[in-house]
Trainee: 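Below you will find the structure I want to go over with you.
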Number of protein chains: 2
Amino acid sequence: MTNHSRAFVALGDPTRQVIFERLARRPMPVGKLAAGLGVTRPAVSQHLKVLKHAGLVTARQEGTRRVYQIDPRGVEAMRTYLDRFWDRALAALKTAAESESDS
Amino acid sequence: MTNHSRAFVALGDPTRQVIFERLARRPMPVGKLAAGLGVTRPAVSQHLKVLKHAGLVTARQEGTRRVYQIDPRGVEAMRTYLDRFWDRALAALKTAAESESDS
DNA sequence: ACTTACGGTAAGTTATGACTAACCATTCAC
DNA sequence: GTGAATGGTTAGTCATAACTTACCGTAAGT
């Protein structure tokens with residue numbers, strides 16, 4: 001599985017979307033992430049592991065805290081992936097428009 | 001759940017990613033999509049239903065065939081969503097770079 | 001009217017992953 | 001050294017969704 005594929009799988013979970021969105025606002029330690037999220041802290045750890053493996057977040061240790069932040073390279077990979085579809089979607093629209101004006 | 005959220009959930013499944021990628025090349029009827037995909041045609045129908053509900057594909061009837069194609073609006077929604085993170089990821093990088101040059 | 005091709009839907013199966021509780025390692029303050 | 005805070009990991013639970021098979025409606029040709 002490619003990394004952009006893994007990234008989409010990672011963000012395919014609603015809880016992980018929320019985690020990612022919160023990290024996008026600012027880097028945050030795990031405990032703080034878990035607070036108010038409605039799931040346990042170990043669950044958050046597991047989600048972060050998936051996001052990290054997908055290249056969407058990075059982690060650094062600050063004393064007892066493990067601070068996570070989003071990784072722009074992962075976001076960029078996803079944007080590049082989507083750009084492919086954008087080009088093609090436009091081409092498909094053009095073709096469809098031409099077909100309709102022909103008929 | 002918002003539509004971009006639903007779109008990410010939709011593309012969070014590897015089979016649906018493959019379906020989406022094949023439709024990105026050109027519009028295609030269900031039966032043709034199912035061929036070579038390794039899952040049954042009803043499974044493909046169910047996946048297409050999810051993609052359609054997420055605003056990522058549209059369908060038109062052509063006689064007995066139901067032809068699906070990708071929907072640029074759905075792709076655009078996802079790109080817009082990712083743009084938010086891109087801006088913030090860059091800002092986070094800047095902040096981190098400044099912190100490192102300070103220390 | 002009959003047959004074939006096409007595809008949506010329902011229902012059943014089951015593997016998977018999101019969740020929890022428990023355990024343990026690391027860091028840091030006292 | 002001790003205790004508290006932090007967080008990764010493991011193992012168990014179970015709801016869900018990805019899959020299949022079966023059914024049925026529609027379109028089109030004969």
Side-chain angles (χ1 to χ4, degrees), chain A residues 1-23 26-71 103, chain B residues 1-23 26-71 103:
Chain A
M1 198 186 287
T2 64
N3 233 39
H4 66 247
S5 178
R6 205 178 340 250
F8 277 96
V9 170
L11 287 180
D13 177 76
T15 305
R16 284 201 286 274
Q17 283 179 29
V18 175
I19 290 173
F20 194 67
E21 285 165 14
R22 291 181 72 172
L23 286 181
R26 68 182 154 272
M28 211 175 284
V30 179
K32 195 165 158 84
L33 267 176
L37 195 58
V39 295
T40 61
R41 196 257 320 143
V44 174
S45 282
Q46 288 177 5
H47 282 306
L48 287 166
K49 189 171 179 177
V50 174
L51 287 168
K52 184 155 167 286
H53 192 50
L56 289 173
V57 299
T58 58
R60 65 178 185 266
Q61 196 77 16
E62 290 185 5
T64 64
R65 293 161 191 262
R66 194 166 183 81
V67 177
Y68 284 79
Q69 69 188 67
I70 56 175
D71 185 339
S103 55
Chain B
M1 201 189 287
T2 64
N3 232 41
H4 67 248
S5 179
R6 208 181 334 251
F8 277 96
V9 171
L11 286 180
D13 176 75
T15 304
R16 284 200 287 276
Q17 283 180 30
V18 174
I19 291 173
F20 194 67
E21 285 166 12
R22 292 180 70 173
L23 287 180
R26 69 183 154 270
M28 213 176 281
V30 180
K32 193 162 162 70
L33 265 175
L37 195 59
V39 294
T40 61
R41 195 260 319 145
V44 174
S45 281
Q46 287 177 9
H47 281 306
L48 286 167
K49 189 173 181 177
V50 174
L51 287 167
K52 184 154 168 281
H53 193 49
L56 289 173
V57 300
T58 57
R60 65 179 187 267
Q61 196 75 17
E62 288 186 8
T64 66
R65 292 163 192 260
R66 195 165 181 84
V67 177
Y68 284 80
Q69 69 187 68
I70 56 174
D71 186 339
S103 57

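Lettering follows sequence order; numbering is per chain, from 1. Here the structure is a predicted model, which is why all the values come from computation and not from measurement.
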Trainee: Knowing that exactly one of Val57(A), Asp71(A), Asp13(A) qualifies, which makes a side-chain contact (heavy atoms from CB on, under 4.5 Å) with Leu51(A)?
Mentor: Val57(A)
Trainee: Measure from the side chain of Thr64(B), starting at C-beta and using heavy atoms only, and say which of dT9(D), dC19(C), dA28(D) lies closest.
Mentor: dA28(D)
Trainee: Which listed nucleotide (dA21(C), dC6(C), dT21(D)) is nearest to the side chain of Arg65(B)?
Mentor: dC6(C)
Trainee: Which of the following nucleotides, dT20(C), dG8(C), dG8(D), is nearest to the side chain of Thr40(A)?
Mentor: dT20(C)
Trainee: Could a donor-acceptor pair under 3.5 angstrom be found where the side chain of Arg41(B) meets the base of dG7(C)?
Mentor: yes
Trainee: Ignoring hydrogens and angles, does a donor from either the side chain of Gln61(A) or the base of dT6(D) sit under 3.5 Å from an acceptor on the other?
Mentor: no
Trainee: For Pro42(A), answer base if it contacts any base atom (sugar-phosphate contacts may also be present), sugar-phosphate if it contacts only those atoms, and nothing otherwise; contact means non-hydrogen atoms under 4.0 Å.
Mentor: base
Trainee: Whether the Gln17(A) and Ser5(B) side chains hold a donor-acceptor pair (N or O, under 3.5 Å, no angle test) is what I'd like checked.
Mentor: yes
Trainee: Could you walk me through whether Leu37(B) and Arg22(B) pass the side chain to side chain contact (heavy atoms under 4.5 Å, CB included) test, one step at a time?
Mentor: CA-CA 10 Å; Leu37(B) 195 59; Arg22(B) 292 180 70 173; 3.9 Å; yes
Trainee: Nearest to the side chain of Ser45(B), heavy atoms from C-beta on, is which of dC28(C), dG8(C), dG8(D)?
Mentor: dG8(C)
Trainee: Look at the side chain of Arg16(A) and decide which nucleotide, out of dG7(D), dA18(C), dG7(C), has an atom nearest to it.
Mentor: dA18(C)
Trainee: Would you say Arg26(A) has more than 12 foreign heavy atoms packed within less than 6.0 Å of its CZ?
Mentor: no
Trainee: Provide, to the nearest angstrom, the distance between the CG atom belonging to Asp13(A) and the P atom belonging to dA18(D).
Mentor: 12 Å
Trainee: Below 3.5 Å, does any donor atom in the side chain of Gln46(B) face an acceptor in the base of dT20(D), or the other way round?
Mentor: yes
Trainee: Starting at NZ of Lys49(A) and ending at P of dA18(C), how long is that distance when rounded to a whole Å?
Mentor: 13 Å
